[in-house]
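Please read the structure below before turning to the comments.
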Amino acid sequence: QVHLVESGGGSVQAGGSLTLSCAVSTYTYSKYCMGWFRQAPGKEREGVASIDNYGSARYDDSVTGRFTISYDNAKRTLNLRMNSLKPEDTAMYYCAAAFYSILVLGYCDLSRPFTSWGQGTQVTVSS
């Protein structure tokens, strides 16, 4: 089973930046779809960004232009750089992953099933 551990959350003022990281344990298959999700109190979980082994990234409209997802293969670390943070970005952020023996370019997006999840890291943005 793949284990994911998030870090980097915290409290910032609106307009500030944070970088979240997610350490990924060893995995068998080289093809992957990874993503960041968030859940605010009283709201449903929503997808933020996804990335696959081809480097293809997708973003929710609410974060496009402000957030950047990346994956460091050597360190097995998934990152989410968050700039121009807004109070509405306040939420618990989770990383997630799914691994495949075969993965078609274009398949990976936030609607796909993710089989491994981290415990979450809290991001709080004050106005």
Side-chain angles (χ1 to χ4, degrees):
Q1 183 176 358
V2 178
H3 295 282
L4 308 177
V5 180
E6 301 96 335
S7 62
S11 298
V12 296
Q13 291 191 325
S17 299
L18 279 175
T19 298
L20 305 183
S21 296
C22 173
V24 183
S25 68
T26 57
Y27 46 88
T28 302
Y29 297 122
S30 61
K31 308 296 189 293
Y32 56 79
C33 179
M34 299 188 186
W36 286 97
F37 294 77
R38 65 187 181 186
Q39 186 167 20
K43 295 187 177 181
E44 293 188 355
R45 186 177 65 196
E46 62 178 2
V48 175
S50 65
I51 190 168
D52 62 20
N53 53 282
Y54 302 105
S56 178
R58 300 188 184 190
Y59 299 90
D60 183 78
D61 289 345
S62 65
V63 306
T64 297
R66 300 188 298 123
F67 290 12
T68 302
I69 189 172
S70 63
Y71 183 66
D72 186 327
N73 276 288
K75 298 181 179 179
R76 291 201 310 276
T77 301
L78 179 70
N79 299 301
L80 184 69
R81 175 64 178 178
M82 305 185 294
N83 295 326
S84 303
L85 282 162
K86 305 175 181 179
E88 50 264 44
D89 294 319
T90 294
M92 185 71 77
Y93 283 71
Y94 301 89
C95 62
F99 299 89
Y100 306 87
S101 57
I102 299 174
L103 181 63
V104 177
L105 177 62
Y107 173 83
C108 176
D109 64 36
L110 293 166
S111 71
R112 302 304 181 185
F114 290 83
T115 54
S116 299
W117 291 83
Q119 295 300 307
T121 186
Q122 177 67 38
V123 172
T124 302
V125 185
S126 58
S127 58

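Being a predicted model, the structure only gives us computed values, none of them experimental.
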Next item on the list: State, with a plain yes or no, whether a side-chain heavy atom of D60 is found less than 4.5 Å away from one of V48.
Entry: no
Checklist line | Considering all heavy atoms, the nearest S17-S84 contact | finding: OG-N, 4.3 Å
Notebook entry, point to check: Closest approach of D109 and C33, non-hydrogen atoms and distance?
Noted result: N-SG, 4.1 Å
Check: What distance separates M34 CE from C95 SG, expressed to the nearest 0.5 Å?
Finding: 9.0 Å
Next item on the list: State the CG-CG distance between L18 and D89, to the nearest 0.5 angstrom.
Entry: 10.0 Å
Checklist line | Heavy-atom side-chain proximity of F67 to L85 below 4.5 angstrom | finding: yes
Next item on the list: Determine whether V2 and T115 make a side-chain contact, defined as any pair of heavy atoms from C-beta on separated by less than 4.5 Å.
Entry: no
Margin query: On a heavy-atom basis, which atom in Y59 and which in I69 lie closest, and how many Å separate them?
Written below: OH-N, 2.9 Å
Next item on the list: Quick one: closest heavy-atom pair of T77 and Y71, and the distance?
Entry: O-CD1, 3.2 Å
Margin query: Can you see whether R81 engages N83 through a side-chain donor-acceptor pair at a distance of less than 3.5 angstrom?
Written below: yes
Checklist line | Validation row: N73, Y32 side chains within 4.5 angstrom (heavy atoms) | finding: yes
Check: Considering only heavy atoms from C-beta outward, does the side chain of L78 approach that of W36 to under 4.5 Å?
Finding: yes
Margin query: Can you pull out every salt bridge (Lys or Arg N to Asp or Glu O under 4.0 Å) where at least one residue sits in residues 43-53? Sequence neighbours excluded, please.
Written below: R38-E46
Checklist line | Side chain to side chain, M92 and F37, heavy atoms closer than 4.5 Å | finding: no
Next item on the list: Over 60° means perpendicular and under 30° means parallel, so classify the ring planes of Y100 and Y107, tilted if in between.
Entry: perpendicular
Notebook entry, point to check: What distance do S127 atom OG and E88 atom CD have between them, rounded to the nearest 0.5 Å?
Noted result: 10.0 Å
Next item on the list: Any chance you could lay out the side chain to side chain contact (heavy atoms under 4.5 Å, CB included) test for S30 and N53, step after step, and finish with the verdict?
Entry: CA-CA 8 Å; S30 61; N53 53 282; over 6 Å; no
Notebook entry, point to check: Would L4 and F99 show up in the same hydrophobic cluster when neighbours are defined by side-chain heavy atoms closer than 4.5 Å?
Noted result: yes
Notebook entry, point to check: Is the closest side-chain heavy-atom distance between E6 and L20 below 4.5 Å?
Noted result: no
Checklist line | Residue pair G106 / R58: nearest heavy atoms and the distance that separates them | finding: O-NH2, 2.9 Å
Next item on the list: Find out if a path of hydrophobic residues (ILVMFWY) with successive side-chain heavy-atom gaps under 4.5 Å connects M82 to V125.
Entry: yes
Checklist line | Residue pair L110 / F114: nearest heavy atoms and the distance that separates them | finding: O-CE1, 4.2 Å
Note to self: If you define the side chain from C-beta out and look only at heavy atoms, does anything of C108 sit under 4.5 Å from Y54?
What the structure shows: no
Check: Within a radius of less than 6.0 Å around CD of Q119, do more than 12 heavy atoms belonging to other residues, nucleotides or ligands occur?
Finding: no
